[in-house]
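A quick write-up on the structure given underneath.
All residue numbers refer to positions in the sequence shown, counting from 1.
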Amino acid sequence: MTARWPRAVRPLLWAFAVLAVVHLAALLAGVPAAGQLTKPALMPVLAGYALARGGPPLLTGALLFGCGGDTFLQIGGDLAFLVGMGSFAAGHVCYLLLFARYGTAPWGGRRGRTAAAGAAYAVLLAGTVVLLWPDLPADLRIPVAGYSLLLTAMAFGALRAGPWAAVGGLLFLLSDTLIASGIAHWPQLPGPQFWIMFTYVAAQYALAEGVLRAAATTPRPAPHRTQAPRTAGAMSSSG
(Lines give C-alpha, C1' and ligand atoms only; values in the text may rest on other atoms or scores of the structure.)
Protein backbone atom coordinates (compact mmCIF):
# COMPACT_ATOMS: atom_id res chain seq x y z
CA MET A 1 0.00 0.00 0.00
CA THR A 2 1.50 3.34 -1.03
CA ALA A 3 0.33 6.80 -0.06
CA ARG A 4 -1.84 8.44 -2.70
CA TRP A 5 -1.11 11.99 -1.59
CA PRO A 6 1.94 11.78 0.69
CA ARG A 7 2.12 15.55 1.28
CA ALA A 8 -1.45 15.55 2.61
CA VAL A 9 -1.00 12.73 5.15
CA ARG A 10 0.50 14.75 8.00
CA PRO A 11 -1.72 17.86 7.58
CA LEU A 12 -4.86 15.71 7.54
CA LEU A 13 -3.76 13.83 10.64
CA TRP A 14 -3.10 17.11 12.43
CA ALA A 15 -6.46 18.46 11.27
CA PHE A 16 -8.19 15.41 12.70
CA ALA A 17 -6.31 15.75 15.99
CA VAL A 18 -7.15 19.46 16.28
CA LEU A 19 -10.82 18.83 15.47
CA ALA A 20 -10.98 16.07 18.07
CA VAL A 21 -9.40 18.25 20.75
CA VAL A 22 -11.69 21.19 19.94
CA HIS A 23 -14.75 18.94 19.97
CA LEU A 24 -13.87 17.30 23.27
CA ALA A 25 -12.98 20.64 24.82
CA ALA A 26 -16.34 22.04 23.71
CA LEU A 27 -18.09 19.16 25.44
CA LEU A 28 -16.17 19.76 28.66
CA ALA A 29 -16.72 23.51 28.51
CA GLY A 30 -20.41 23.20 27.74
CA VAL A 31 -20.25 24.98 24.37
CA PRO A 32 -22.84 23.03 22.33
CA ALA A 33 -22.49 25.11 19.15
CA ALA A 34 -18.80 24.23 18.80
CA GLY A 35 -19.53 20.59 19.54
CA GLN A 36 -22.29 20.40 16.94
CA LEU A 37 -20.10 22.01 14.28
CA THR A 38 -17.05 19.83 14.84
CA LYS A 39 -18.73 16.45 15.37
CA PRO A 40 -19.85 15.82 11.73
CA ALA A 41 -16.44 16.91 10.44
CA LEU A 42 -14.39 14.39 12.41
CA MET A 43 -14.89 11.25 10.34
CA PRO A 44 -14.63 12.88 6.87
CA VAL A 45 -11.23 14.31 7.85
CA LEU A 46 -10.13 10.91 9.19
CA ALA A 47 -11.39 9.35 5.94
CA GLY A 48 -9.30 11.86 3.99
CA TYR A 49 -6.27 10.87 6.04
CA ALA A 50 -6.90 7.19 5.31
CA LEU A 51 -7.28 7.93 1.58
CA ALA A 52 -4.07 9.97 1.57
CA ARG A 53 -2.25 6.95 3.00
CA GLY A 54 -3.64 4.77 0.22
CA GLY A 55 -6.28 3.08 2.35
CA PRO A 56 -8.91 0.80 0.77
CA PRO A 57 -12.24 2.34 -0.33
CA LEU A 58 -14.14 0.20 2.20
CA LEU A 59 -12.31 2.00 5.00
CA THR A 60 -13.46 5.33 3.61
CA GLY A 61 -16.98 3.91 3.51
CA ALA A 62 -16.81 2.75 7.13
CA LEU A 63 -15.68 6.18 8.31
CA LEU A 64 -18.24 8.07 6.24
CA PHE A 65 -21.01 5.83 7.56
CA GLY A 66 -19.72 6.85 10.97
CA CYS A 67 -20.19 10.47 9.94
CA GLY A 68 -23.79 9.65 9.02
CA GLY A 69 -24.34 8.08 12.41
CA ASP A 70 -22.80 11.09 14.17
CA THR A 71 -25.03 13.48 12.26
CA PHE A 72 -28.31 11.66 12.87
CA LEU A 73 -27.62 10.97 16.54
CA GLN A 74 -26.98 14.68 16.94
CA ILE A 75 -30.47 15.48 15.62
CA GLY A 76 -32.21 13.62 18.45
CA GLY A 77 -35.45 11.66 18.54
CA ASP A 78 -36.15 7.94 18.12
CA LEU A 79 -36.31 8.00 14.31
CA ALA A 80 -33.03 9.86 13.95
CA PHE A 81 -31.49 7.49 16.51
CA LEU A 82 -32.56 4.45 14.49
CA VAL A 83 -31.28 5.94 11.22
CA GLY A 84 -28.00 6.85 12.89
CA MET A 85 -27.68 3.37 14.36
CA GLY A 86 -28.32 1.92 10.90
CA SER A 87 -25.54 4.08 9.48
CA PHE A 88 -23.12 2.86 12.14
CA ALA A 89 -24.24 -0.71 11.41
CA ALA A 90 -23.33 -0.24 7.74
CA GLY A 91 -19.91 0.95 8.88
CA HIS A 92 -19.47 -2.19 10.97
CA VAL A 93 -20.27 -4.32 7.92
CA CYS A 94 -17.53 -2.45 6.04
CA TYR A 95 -15.10 -3.17 8.86
CA LEU A 96 -16.02 -6.86 8.90
CA LEU A 97 -15.32 -7.08 5.16
CA LEU A 98 -12.00 -5.30 5.68
CA PHE A 99 -10.96 -7.69 8.45
CA ALA A 100 -11.85 -10.66 6.25
CA ARG A 101 -9.82 -9.26 3.36
CA TYR A 102 -6.73 -7.99 5.14
CA GLY A 103 -6.73 -9.73 8.49
CA THR A 104 -5.07 -12.94 9.57
CA ALA A 105 -6.01 -15.51 12.17
CA PRO A 106 -5.23 -14.06 15.62
CA TRP A 107 -2.59 -15.67 17.83
CA GLY A 108 -1.10 -17.53 14.90
CA GLY A 109 -4.30 -19.47 14.28
CA ARG A 110 -4.41 -21.06 17.74
CA ARG A 111 -7.99 -22.22 17.95
CA GLY A 112 -8.10 -22.46 21.72
CA ARG A 113 -7.28 -18.78 22.24
CA THR A 114 -9.60 -17.69 19.46
CA ALA A 115 -12.45 -19.74 20.90
CA ALA A 116 -11.80 -18.30 24.37
CA ALA A 117 -11.87 -14.76 22.98
CA GLY A 118 -15.07 -15.51 21.08
CA ALA A 119 -16.68 -16.85 24.25
CA ALA A 120 -15.62 -13.75 26.18
CA TYR A 121 -17.16 -11.44 23.56
CA ALA A 122 -20.34 -13.55 23.52
CA VAL A 123 -20.65 -13.35 27.31
CA LEU A 124 -20.06 -9.60 27.15
CA LEU A 125 -22.79 -9.23 24.52
CA ALA A 126 -25.31 -11.40 26.35
CA GLY A 127 -24.65 -9.75 29.70
CA THR A 128 -24.98 -6.24 28.32
CA VAL A 129 -28.22 -6.96 26.46
CA VAL A 130 -29.77 -8.81 29.41
CA LEU A 131 -28.93 -5.99 31.81
CA LEU A 132 -30.08 -3.20 29.49
CA TRP A 133 -33.23 -4.90 28.18
CA PRO A 134 -35.71 -4.05 30.99
CA ASP A 135 -34.69 -0.38 31.04
CA LEU A 136 -34.69 0.30 27.28
CA PRO A 137 -37.77 1.78 25.61
CA ALA A 138 -39.86 -1.08 24.25
CA ASP A 139 -39.61 0.04 20.62
CA LEU A 140 -35.79 0.20 20.81
CA ARG A 141 -35.10 -3.16 22.45
CA ILE A 142 -34.94 -5.31 19.31
CA PRO A 143 -33.00 -2.75 17.22
CA VAL A 144 -30.49 -2.20 20.01
CA ALA A 145 -30.05 -5.95 20.54
CA GLY A 146 -29.52 -6.54 16.81
CA TYR A 147 -27.08 -3.65 16.56
CA SER A 148 -25.22 -4.91 19.63
CA LEU A 149 -24.77 -8.30 17.98
CA LEU A 150 -23.26 -6.69 14.86
CA LEU A 151 -21.08 -4.36 16.93
CA THR A 152 -19.73 -7.25 18.99
CA ALA A 153 -19.05 -9.26 15.82
CA MET A 154 -17.08 -6.30 14.47
CA ALA A 155 -15.09 -5.97 17.69
CA PHE A 156 -14.29 -9.69 17.68
CA GLY A 157 -13.40 -9.60 13.98
CA ALA A 158 -11.03 -6.70 14.67
CA LEU A 159 -8.72 -9.20 16.39
CA ARG A 160 -7.77 -10.36 12.88
CA ALA A 161 -6.32 -6.95 11.99
CA GLY A 162 -3.84 -6.64 14.84
CA PRO A 163 -3.62 -4.80 18.16
CA TRP A 164 -4.63 -1.36 16.87
CA ALA A 165 -7.88 -2.64 15.43
CA ALA A 166 -8.53 -4.89 18.45
CA VAL A 167 -8.28 -1.90 20.81
CA GLY A 168 -10.47 0.11 18.45
CA GLY A 169 -13.16 -2.56 18.51
CA LEU A 170 -13.20 -2.64 22.31
CA LEU A 171 -13.36 1.15 22.53
CA PHE A 172 -16.28 1.18 20.09
CA LEU A 173 -18.05 -1.35 22.30
CA LEU A 174 -17.45 0.84 25.32
CA SER A 175 -18.63 4.02 23.59
CA ASP A 176 -21.87 2.51 22.35
CA THR A 177 -22.51 0.83 25.71
CA LEU A 178 -22.26 4.26 27.32
CA ILE A 179 -24.84 5.55 24.82
CA ALA A 180 -27.18 2.62 25.53
CA SER A 181 -26.82 3.08 29.29
CA GLY A 182 -27.92 6.68 28.87
CA ILE A 183 -30.97 5.63 26.87
CA ALA A 184 -31.77 3.16 29.66
CA HIS A 185 -31.48 6.02 32.18
CA TRP A 186 -28.72 4.35 34.14
CA PRO A 187 -26.50 6.50 36.41
CA GLN A 188 -23.93 8.28 34.25
CA LEU A 189 -20.35 9.41 34.67
CA PRO A 190 -19.81 13.16 35.01
CA GLY A 191 -19.75 14.65 31.51
CA PRO A 192 -21.15 11.54 29.78
CA GLN A 193 -20.99 13.03 26.27
CA PHE A 194 -17.28 13.67 26.71
CA TRP A 195 -16.58 10.03 27.55
CA ILE A 196 -18.82 8.77 24.75
CA MET A 197 -17.01 10.88 22.17
CA PHE A 198 -13.54 10.36 23.64
CA THR A 199 -13.86 6.58 23.37
CA TYR A 200 -15.58 6.83 19.97
CA VAL A 201 -12.98 9.10 18.36
CA ALA A 202 -10.17 6.94 19.73
CA ALA A 203 -11.99 3.82 18.48
CA GLN A 204 -12.38 5.07 14.93
CA TYR A 205 -8.77 6.21 14.73
CA ALA A 206 -7.48 2.91 16.12
CA LEU A 207 -9.67 0.90 13.73
CA ALA A 208 -8.50 2.98 10.77
CA GLU A 209 -4.87 2.64 11.81
CA GLY A 210 -5.26 -1.09 12.27
CA VAL A 211 -6.81 -1.55 8.83
CA LEU A 212 -4.15 0.64 7.18
CA ARG A 213 -1.36 -1.38 8.77
CA ALA A 214 -2.99 -4.71 7.94
CA ALA A 215 -3.56 -3.65 4.33
CA ALA A 216 0.06 -2.49 4.04
CA THR A 217 1.35 -5.94 5.03
CA THR A 218 -1.10 -7.99 2.98
CA PRO A 219 0.54 -9.27 -0.21
CA ARG A 220 -1.22 -8.19 -3.36
CA PRO A 221 -2.29 -10.96 -5.73
CA ALA A 222 0.01 -11.34 -8.70
CA PRO A 223 -1.45 -9.92 -11.91
CA HIS A 224 -2.89 -12.53 -14.21
CA ARG A 225 -0.73 -12.95 -17.30
CA THR A 226 -2.10 -14.34 -20.49
CA GLN A 227 0.24 -16.16 -22.84
CA ALA A 228 0.74 -14.26 -26.07
CA PRO A 229 -0.34 -16.22 -29.14
CA ARG A 230 2.47 -17.54 -31.28
CA THR A 231 2.93 -15.90 -34.65
CA ALA A 232 2.23 -17.76 -37.82
CA GLY A 233 5.97 -17.83 -38.60
CA ALA A 234 6.82 -19.34 -35.26
CA MET A 235 4.10 -21.93 -35.69
CA SER A 236 5.36 -22.92 -39.12
CA SER A 237 8.98 -23.10 -38.01
CA SER A 238 8.11 -25.28 -35.06
CA GLY A 239 6.36 -27.70 -37.38
### Message
Are V9 and L19 linked, directly or through intermediate hydrophobic residues, by side-chain heavy-atom contacts shorter than 4.5 Å (ILVMFWY only)?
### Response
yes
### Query
CG of L178 to CD1 of I196: how many Å apart, nearest 0.5 Å?
5.5 Å
### Message
Restricting to non-hydrogen atoms, name the atom on T60 and the atom on A47 that form the minimum distance, rounded to 0.1 Å.
### Response
CG2-CB, 4.2 Å
### Message
Grouping I, L, V, M, F, W and Y whenever their side-chain heavy atoms are under 4.5 Å apart, do L59 and L13 come out in a common cluster?
### Response
yes
### Message
If you take the centroid of each ring, where Trp contributes its six-membered ring, are F88 and Y200 closer together than 6.0 Å?
### Response
yes
### Query
Got D78 and P137 here, is their nearest side-chain heavy-atom distance under 4.5 Å?
no
### Message
Applying a strict under-4.5 Å side-chain criterion to I, L, V, M, F, W and Y, I'd like to know whether V211 and L64 cluster together.
### Response
no
### Task
Please answer: with hydrophobic residues joined when any side-chain heavy atoms are less than 4.5 Å apart, are L82 and V129 in the same cluster?
no
### Summary
Rounded to the nearest 0.5 angstrom, the OG1-CG distance for T177 and L131 is 10.5 Å
### Message
Quick check: is L189 connected to L173 through a chain of hydrophobic side chains (ILVMFWY, heavy atoms under 4.5 Å apart)?
### Response
yes
### Message
I need the minimum non-hydrogen distance between V201 and A20, along with the two atoms involved.
### Response
CG1-CB, 3.9 Å
### Task
Go through the structure and list residues passing ring pair (Phe, Tyr, Trp, His ring centres under 6.0 Å) with F81, not counting sequence neighbours.
none
### Task
Specify whether F99 and Y95 have parallel, tilted or perpendicular ring planes, treating 30° as the upper limit for parallel and 60° as the lower limit for perpendicular.
parallel
### Pairing residues for F65 by the side chain to side chain contact (heavy atoms under 4.5 Å, CB included) criterion, not counting sequence neighbours
S87, A90, C94
### Task
Can you see which heavy atom on L63 is nearest to which on Q204, and at what distance?
CD2-OE1, 3.7 Å
### Task
Check ring pair (Phe, Tyr, Trp, His ring centres under 6.0 Å) between W164 and all other residues, then give those that pass, not counting sequence neighbours.
Y205
### Query
Is V18 isolated, or which residues cluster with it under the ILVMFWY side-chain rule of less than 4.5 Å, directly or via members?
V22
#### Entry: Heavy-atom closest contact (A165 atom, L207 atom, distance)
O-CD2, 3.5 Å
### L132 backbone acceptor or donor facing R141 side chain under 3.5 Å
no
### Contacts of type side chain to side chain contact (heavy atoms under 4.5 Å, CB included), residue A25, not counting sequence neighbours
none
### Message
Nearest 0.5 Å, please: how far is CG in L136 from NE2 in H185?
### Response
9.5 Å
### Query
Which other residues belong to the hydrophobic cluster containing V83, where Ile, Leu, Val, Met, Phe, Trp and Tyr are joined when side-chain heavy atoms lie under 4.5 Å apart, directly or via other members?
F72, I75, L79
### Message
Can you list, by chain and residue number, the hydrophobic cluster partners of L171 when the side-chain cut-off is 4.5 Å?
### Response
V167
### Query
How many angstroms lie between OH in Y121 and CG in L125, if you round to the nearest 0.5 Å?
12.0 Å
### Query
Quick one: ring pair (Phe, Tyr, Trp, His ring centres under 6.0 Å) partners of F16, sequence neighbours excluded?
none
#### Entry: Non-hydrogen side-chain atoms of Y49 and E209 separated by less than 4.5 Å
yes
### Task
Could you pull out the closest heavy-atom pair between G76 and A80, with the gap in Å?
O-CB, 3.3 Å
#### Entry: W14: partners by side chain to side chain contact (heavy atoms under 4.5 Å, CB included), with sequence neighbours left out
R10
### Task
Look at atom OH of Y147 and say whether more than 12 heavy atoms of other residues, nucleotides or ligands are closer to it than 6.0 Å.
yes
### Query
Roughly how far, to the nearest 0.5 Å, is the CG atom of D70 from the CE atom of M197?
5.5 Å
### I183/I179 under side chain to side chain contact (heavy atoms under 4.5 Å, CB included): CA gap, chis, key distance, verdict
CA-CA 6 Å; I183 296 171; I179 293 175; 4.1 Å; yes
For residues 30-40, dump all side-chain donor-acceptor pairs below 3.5 Å to protein atoms at least two apart in sequence or in another chain.
unit_1: T38; atom_1: OG1; unit_2: H23; atom_2: ND1; d: 2.9
unit_1: T38; atom_1: OG1; unit_2: A34; atom_2: O; d: 2.8
unit_1: T38; atom_1: OG1; unit_2: G35; atom_2: O; d: 3.3

### Message
If I take atom CG from residue L212 and atom CG from residue L51, how far apart are they, to the nearest 0.5 angstrom?
### Response
9.5 Å
### Message
Would you say that L174 contacts L170 through its side chain, given a criterion of any heavy-atom pair below 4.5 Å between the two side chains?
### Response
no
Please tabulate, for the side chains in residues 151-159, all donor-acceptor contacts under 3.5 angstrom to protein atoms that are two or more places apart in sequence or on a different chain.
unit_1: T152; atom_1: OG1; unit_2: S148; atom_2: O; d: 2.8

### Query
What are the two closest heavy atoms between P143 and M85, and how far apart are they?
CB-CE, 3.5 Å
#### Entry: Apart from V21 itself, residues in the same hydrophobic cluster as defined by side-chain heavy atoms under 4.5 Å
none
